[in-house]
J.: 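Take this structure first; my questions come after.
Start at 1 with the first residue, then count along the sequence.
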Amino acid sequence: MGPATVLKVSLAIKQAVGGQGRVLTDVIPRLTHLIGEQPKVVNANGIEAQNRLMFLLRMFLRSVSKASSMVVMSMDDLQWADGASLDLIRMLVTDSENDSFVFIGIARDNELSDIHPF
């Protein structure tokens with residue numbers, strides 16, 4: 001990726017997440033290399049923190065997945081995924097405003113319990 005592309009992606013991410021970039025860099029520290037140090041954000045707890053993170057991840061993914069550069073995510077061993085992880089995956093794959101994202105999920109049906117949502 002050339003410097004012009006890096007700058008374009010960096011600006012797109014910053015615009016998409018606004019002043020909340022710190023939430024993402026706390027979860028994905030290497031993102032700091034792309035968008036720089038981010039200002040502190042107001043702490044959130046419980047469902048508010050979860051909703052904010054899910055929203056920002058959706059906005060981040062929209063900013064980096066375009067028709068010219070689709071994002072493909074592959075995850076294995078989904079039979080072990082917890083409810084919150086499955087909720088995040090569901091939110092990302094059902095985002096009607098992002099048609100440049102492809103998700104490939106793999107689960108071993110012989111390791112699924114009777115109560116697993118798959």
J.: With the side chain counted from C-beta on, respond yes when Arg90 and Asp87 share a heavy-atom pair under 4.5 Å apart, and no when they do not.
T.: yes

J.: Side chains of Arg22 and Thr25, heavy atoms from C-beta outward: is any pair under 4.5 Å?
T.: yes

J.: Considering only heavy atoms from C-beta outward, does the side chain of Asp95 approach that of Phe101 to under 4.5 Å?
T.: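 No, side chains not in contact.
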
J.: May I ask you to test the Met70-Val102 pair for a side-chain heavy-atom distance under 4.5 Å?
T.: yes

J.: Is any side-chain heavy atom of Arg52 closer than 4.5 Å to one of Val23?
T.: yes

J.: Run the side-chain contact (heavy atoms from CB on, under 4.5 Å) test on Ile106 and Leu78 for me, step by step, so that the C-alpha distance in whole Å, both residues' side-chain angles and the decisive distance to 0.1 Å come before the verdict.
T.: CA-CA 6 Å; Ile106 302 134; Leu78 289 177; 6.0 Å; no

J.: Donor-acceptor check, side chain of Asp82 to backbone of Ser85, threshold 3.5 angstrom: yes or no?
T.: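 Present.
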
J.: Kindly indicate, with the supporting measurements, whether the criterion side-chain contact (heavy atoms from CB on, under 4.5 Å) is fulfilled by Glu48 and Asn45.
T.: CA-CA 6 Å; Glu48 181 183 351; Asn45 294 308; over 6 Å; no

J.: Which atom names give the shortest non-hydrogen contact between Arg108 and Gln79, and what distance separates them?
T.: N-OE1, 3.1 Å

J.: What side-chain donor-acceptor pairs closer than 3.5 Å can you find for residues 7-14, not counting sequence neighbours?
T.:
| unit_1 | atom_1 | unit_2 | atom_2 | d |
| --- | --- | --- | --- | --- |
| Ser10 | OG | Leu34 | O | 2.9 |

J.: Taking the side chain as everything from C-beta on, heavy atoms only, tell me whether Leu53 gets closer than 4.5 Å to Leu24.
T.: yes

J.: Hey, what do you get for CE (Met91) to CZ (Arg58), rounding to the nearest 0.5 Å?
T.: 5.5 Å

J.: May I ask you to test the Ile89-Met75 pair for a side-chain heavy-atom distance under 4.5 Å?
T.: yes

J.: So which atom in Ala16 and which in Ser63 form the shortest heavy-atom distance, rounded to 0.1 Å?
T.: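 So the minimum-distance heavy-atom pair works out to CB-CB, 3.6 Å.
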
J.: Report yes if the side chains of Phe60 and Leu31 come closer than 4.5 Å at any heavy-atom pair, otherwise no.
T.: yes

